[in-house]
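Just so you know, residue 1 is the first one in the sequence shown, and it goes up from there.
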Amino acid sequence: MSKKLVIKVTAGADAPERCSQAFTVAAVAVASGVEVSLWLTGESAWFALPGRAAEFELPHSAPLPELLDGVLAGGRVTLCTQCAARRGIEEKDVIEGVRIAGAQVFVSEITGEGVQALVY
């Protein structure tokens, strides 16, 4: 059975440590060979847009653009449908490789065999 990790990050610049922890865990898991699905919800939704991760700063943490690139390279990144709509973000606006999906897809992912779900 393969290891699967679904991470929902609800924080952005409003809670930088929590946000950075989520991206760090996701990137390390991908680098470790774990199947990762990272969900951008709440204020982290902004990081689905080009250049927004580069604006994020937190001392003594890995640069968010590098972490996001690591997850995109070997995992899946999803922007919450409702979160995108509330912020006026559309498919055409997001970084290549980011999909927009809703709660039904999230529930389907977290209820699969051998899945660990984390929420930050």
Side-chain angles (χ1 to χ4, degrees):
M1 178 181 356
S2 64
K3 297 177 182 180
K4 298 177 186 173
L5 185 60
V6 178
I7 299 172
K8 180 185 268 194
V9 55
T10 62
D14 59 325
E17 287 184 311
R18 193 162 29 110
C19 176
S20 180
Q21 289 168 0
F23 278 86
T24 299
V25 168
V28 169
V30 167
S32 300
V34 176
E35 184 180 330
V36 173
S37 177
L38 177 66
W39 282 72
L40 306 176
T41 68
E43 286 303 296
S44 72
W46 295 114
F47 299 127
L49 298 175
R52 293 302 286 264
E55 298 172 7
F56 181 87
E57 291 184 16
L58 181 64
H60 310 292
S61 66
L64 201 64
E66 292 177 19
L67 297 172
L68 180 55
D69 287 347
V71 177
L72 284 167
R76 172 180 285 153
V77 178
T78 305
L79 170 59
C80 162
T81 302
Q82 290 181 14
C83 300
R86 281 191 282 274
R87 290 161 179 81
I89 301 171
E90 300 176 8
E91 284 281 348
K92 65 179 177 56
D93 302 321
V94 300
I95 297 167
E96 185 176 337
V98 174
R99 68 177 177 167
I100 298 178
Q104 181 181 6
V105 175
F106 179 77
V107 170
S108 174
E109 285 189 14
I110 65 170
T111 57
E113 179 88 21
V115 176
Q116 173 70 49
L118 302 173
V119 178
Y120 286 89

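- Taking CG of Leu38 as the reference point, atom CG of Leu118 lies at 10.5 Å (rounded to 0.5 Å).
- Counting only residues at least two apart or on different chains, no side-chain hydrogen bond (donor to acceptor under 3.5 Å, both in side chains) pair has a member in residues 20-29.
- Other residues, nucleotides and ligands contribute more than 12 heavy atoms inside 6.0 Å of the CZ atom of Arg52.
- In the hydrophobic cluster analysis, where Ile, Leu, Val, Met, Phe, Trp and Tyr join through side-chain heavy atoms closer than 4.5 angstrom, Val36 is grouped together with Tyr120.
- Nearest approach of Val115 to Val6, heavy atoms of both residues: CG1-CG2, 3.7 Å.
- The distance from atom CZ of Phe47 to atom CZ of Phe23, rounded to the nearest 0.5 Å, is 6.0 Å.
- When every heavy atom of Ile95 is checked against every heavy atom of Pro50, the shortest pair comes out as CG1-N, 3.7 Å.
- Cluster membership check: Val105 does not share its hydrophobic cluster with Val9, using side-chain heavy-atom separations under 4.5 Å among Ile, Leu, Val, Met, Phe, Trp and Tyr.
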Point to revise | Derivation of the side chain to side chain contact (heavy atoms under 4.5 Å, CB included) call for Val77 and Val94 | key: CA-CA 11 Å; Val77 178; Val94 300; over 6 Å; no
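- Within 6.0 Å of the CD atom in Glu55, the count of heavy atoms belonging to other residues, nucleotides or ligands exceeds 12.
- When the side chains of ILVMFWY residues are joined at heavy-atom separations under 4.5 Å, either directly or via intervening members, Leu5 and Leu79 end up in a single hydrophobic cluster.
- The two atoms that bring Pro65 and Ala53 nearest to each other are CD-O, 3.6 Å, heavy atoms only.
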Review point. Going through the distances and angles, do Val98 and Leu72 end up as a side chain to side chain contact (heavy atoms under 4.5 Å, CB included)?
Key: CA-CA 8 Å; Val98 174; Leu72 284 167; 4.1 Å; yes
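- Closest approach of Lys8 and Thr41 over heavy atoms only: CG-OG1, 3.7 Å.
- Applying the side-chain hydrogen bond (donor to acceptor under 3.5 Å, both in side chains) test to Arg87 and every residue at least two apart in sequence or in another chain returns Glu43.
- Annotation: the span from Leu40 atom CG to Leu68 atom CG amounts to 7.0 Å, rounded to 0.5 Å.
- Applying the side-chain hydrogen bond (donor to acceptor under 3.5 Å, both in side chains) definition to pairs two or more places apart or across chains, those involving residues 97-111 are Ser37-Glu109, Trp39-Glu109, Thr78-Arg99, Arg99-Glu109.
- Looking only at distances, no side-chain donor or acceptor of Ser44 sits under 3.5 Å from a matching main-chain atom of Gly12.
- Interatomic distance, CZ of Arg76 versus CD of Glu35, reported as 7.5 Å (0.5 Å rounding).
- Between the CG atom of Leu58 and the SG atom of Cys19 there is a distance of 8.5 Å, given to the nearest 0.5 Å.
- Of all the heavy atoms in Ile100 and Glu90, the pair that sits closest is CD1-C, 3.8 Å.
- Rounding to the nearest 0.5 Å places CD1 of Ile110 at 13.0 Å from CD1 of Ile7.
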